[in-house]
Amino acid sequence: MTASPPPRRPHPPSRTAHHATPDKDQIALLDPFERLGTDRITLVSTPEQADKACNALAAASAWGFDTESKPTFVQGEESDGPHIVQLATLDTAWVFQLHDPGCRARVAELLALHGVTKAGFGLGDDTKRIQHKLGVQPADVLELNTVFRQRGYRKDMGVKGAVAVLFNKRFIKSKKAATSNWANPLLTESQLVYAANDAYAAARVYHALGLSASA
């Protein structure tokens, strides 16, 4: 008698496909991402300015979110940041300075607000510093790196990788601005552009991922 073939085992369910994160050389070949200019960036340093910013931000269901802190260069030195909080929509960014107590209080209210997504990259340290400095737990924070990992990207994407993948563009970040003194009461134009566009790019990425439809 001919033996019957063994029963076939069912194939295991397919896992999420893995995608490569673009490297620096690949990104360098792309055309620049169009950033916000100073005409669409608002510096906020007083309670009155913060009130206007709050009214403008209230119309959006999600904000691009980031912070900046003065760098520390001495071993063991702890940062007293953040010194800047950036929030952005798809067409405007607000750069909040935290020197004034009234301005700080309004920023704290914005970040603690439920029902509005605060989307950004590498927000772990940012949220810890905000809790320490502003005394609030930021609500509805969305780490965009996590979204990309869920969609098959193994490494942290970061804003540069995300802009390259979604828009086929090169996001420009100034190293000089990144390591500048964010605690300075007078911010330079390059600082404003750098800070604002980190939050703006996060807002663009959030919407491009289709997350706004499910928010």
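What you are looking at is a predicted structure, and each value in this text was computed from that prediction instead of being measured.
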*Asks:* Would you indicate whether the side-chain heavy atoms of Val159 and Lys173 approach each other to under 4.5 Å?
*Replies:*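 Of all side-chain heavy-atom pairs linking Val159 with Lys173, at least one is under 4.5 Å.
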*Asks:* To the nearest 0.5 Å, what is the distance between CG on Leu29 and NZ on Lys24?
*Replies:* 14.5 Å
*Asks:* Treating Gln191 as the side-chain partner and Asn181 as the backbone partner, does any N or O pair qualify as donor plus acceptor under 3.5 Å?
*Replies:* yes
*Asks:* Could you give me the CA-CA distance, side-chain angles and deciding distance for Trp94 and Leu43, then say whether side chain to side chain contact (heavy atoms under 4.5 Å, CB included) is met?
*Replies:* CA-CA 6 Å; Trp94 291 263; Leu43 176 64; over 6 Å; no
*Asks:* Is the closest side-chain heavy-atom distance between Thr117 and Trp63 below 4.5 Å?
*Replies:*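 They are not in contact (no side-chain heavy atoms under 4.5 Å apart), so the answer is no.
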*Asks:* Compare all side-chain heavy atoms of Leu211 with those of Val147 and state whether any distance is below 4.5 angstrom.
*Replies:*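 Answer yes - side chains close enough.
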*Asks:* Looking only at non-hydrogen atoms, find the nearest pair between Gly64 and Ala202 and report the distance.
*Replies:* CA-CB, 4.1 Å
*Asks:* Would you say the side chain of Asp100 lies within less than 4.5 Å of the side chain of Pro47, judging by non-hydrogen atoms?
*Replies:* yes
*Asks:* If I compare all heavy atoms of Ala177 with all of Ser190, which pair ends up nearest, and what's the gap?
*Replies:*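 Where Ala177 meets Ser190 most closely, the heavy atoms are CB-O, 4.1 Å.
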*Asks:* Assess the residue pair Glu68 and Asp198 against the criterion (side chain to side chain contact (heavy atoms under 4.5 Å, CB included)); give the C-alpha distance rounded to whole Å, side-chain angles, the decisive distance to 0.1 Å, and a yes or no.
*Replies:* CA-CA 10 Å; Glu68 304 295 341; Asp198 267 357; 3.6 Å; yes
*Asks:* Looking at every non-hydrogen atom in both residues, tell me the closest pair between Leu90 and His207 and how far apart they are.
*Replies:*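 Heavy atoms only, the tightest pair is CD2-CD2, 3.5 Å.
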*Asks:* Count I, L, V, M, F, W, Y as connected when their side-chain heavy atoms are under 4.5 Å apart, and connections chain through other members. Are Val205 and Val116 then in the same cluster?
*Replies:*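 Looking at the clustering, Val116 is in a separate group from Val205.
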*Asks:* Is a side-chain N or O of Arg204 found less than 3.5 angstrom from the main chain of Tyr200, in a donor-acceptor match?
*Replies:* no
*Asks:* For residues Ser69 and Arg129, is any side-chain donor paired with an opposing acceptor at under 3.5 Å?
*Replies:* yes
*Asks:* Could you check whether any side-chain N or O of Thr92 sits under 3.5 Å from a backbone N or O of Thr89, counting only pairs where one atom can act as donor and the other as acceptor?
*Replies:* no
*Asks:* Roughly how far apart are Ile27 CD1 and Phe33 CZ, rounded to 0.5 Å?
*Replies:* 13.0 Å
*Asks:* Just verifying a value: how many Å separate Lys118 NZ and Ile130 CD1, rounded to the nearest 0.5 Å?
*Replies:* 10.0 Å
*Asks:* What pair of heavy atoms forms the shortest contact from Arg35 to Ile172, and how long is it?
*Replies:* NH1-O, 3.5 Å
*Asks:* Report yes if the side chains of Ser180 and Thr188 come closer than 4.5 Å at any heavy-atom pair, otherwise no.
*Replies:* no
*Asks:* Specify the closest pair of heavy atoms between Pro138 and Val141, including all atoms of both residues, with the distance to one decimal.
*Replies:* CB-CG2, 3.5 Å
*Asks:* Measure the acute angle between the ring planes of Tyr194 and Trp182, then classify it against the limits of 30° and 60° as parallel, tilted or perpendicular.
*Replies:* tilted
*Asks:* Report whether Leu187 and Val85 are members of the same hydrophobic cluster (ILVMFWY, side-chain heavy atoms less than 4.5 Å apart, transitive linking).
*Replies:*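 No.
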*Asks:* Output the distance between atom OG1 (Thr46) and atom CG (Asp51), rounded to the nearest 0.5 Å.
*Replies:* 8.0 Å
*Asks:* Does any non-hydrogen side-chain atom of Gln97 lie less than 4.5 Å from one of Ile84?
*Replies:*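 When only atoms from C-beta onward are counted, Gln97 and Ile84 do touch, with a gap below 4.5 Å.
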*Asks:* Less than 4.5 Å apart, side chain to side chain, heavy atoms only: is that true for Val44 and Val95?
*Replies:* no
*Asks:* Do we see a donor-acceptor contact under 3.5 Å between the side chains of Gln131 and Thr127?
*Replies:* no
*Asks:* Counting N and O atoms only, with roles assigned by atom type, does the side chain of Arg104 sit under 3.5 Å from a partner on the main chain of His99, one being a donor and the other an acceptor?
*Replies:*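 Checked: pair present.
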*Asks:* Side chain of Asp126, backbone of Asp66: donor and acceptor closer than 3.5 Å?
*Replies:*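 Side chain of Asp126 to backbone of Asp66, a donor-acceptor pair under 3.5 Å: no, none is there.
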*Asks:* Can you check whether Asp31's main-chain N or O pairs, donor with acceptor, with Lys169's side chain at less than 3.5 Å?
*Replies:* no
*Asks:* Using the rule that Ile, Leu, Val, Met, Phe, Trp and Tyr join whenever any side-chain heavy atoms are under 4.5 Å apart, tell me whether Leu30 and Phe171 fall into a single cluster.
*Replies:* no
*Asks:* Please check if the side chain of Asn145 supplies one atom and the backbone of Met157 the other of a donor-acceptor pair under 3.5 Å.
*Replies:* yes
*Asks:* Atom CG of Leu110 and atom SG of Cys54: how far apart are they, to the nearest 0.5 Å?
*Replies:* 3.5 Å
*Asks:* With a 3.5 Å distance limit and no angle check, can you tell me whether His83 reaches the backbone of Lys70 through a side-chain donor-acceptor pair?
*Replies:*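 Such a contact is found between His83 side chain and Lys70 backbone.
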*Asks:* Kindly check if the number of other-residue, nucleotide or ligand heavy atoms within 6.0 Å of CD (Gln26) is above 12?
*Replies:*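 Yes.
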*Asks:* Do Leu98 and Leu111 share a hydrophobic cluster (ILVMFWY, side-chain heavy atoms under 4.5 Å, transitive)?
*Replies:* yes
*Asks:* Working to the nearest 0.5 angstrom, can you tell me the gap between Leu209 CG and Leu144 CG?
*Replies:*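 Atom-to-atom, Leu209:CG and Leu144:CG are 6.5 Å apart.
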*Asks:* Tell me, do Arg40 and Asp91 make a side-chain contact under 4.5 Å, heavy atoms counted?
*Replies:*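 Touching, per the 4.5 Å side-chain cut-off.
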*Asks:* So which heavy atom on Val193 is nearest to which on Leu36, and how close?
*Replies:*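 Nearest pair, atom of Val193 first, then Leu36: CG1-O, 4.3 Å.
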*Asks:* Check the hydrophobic clustering (I, L, V, M, F, W, Y; side-chain heavy atoms under 4.5 Å; chains of links allowed) and say if Phe121 and Val163 are grouped together.
*Replies:*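 Both belong to a single hydrophobic cluster.
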*Asks:* I'd like to know if the side chain of Glu143 reaches the main chain of Leu123, judged simply by a donor and an acceptor atom lying under 3.5 Å from each other, with no hydrogens or angles considered.
*Replies:* yes
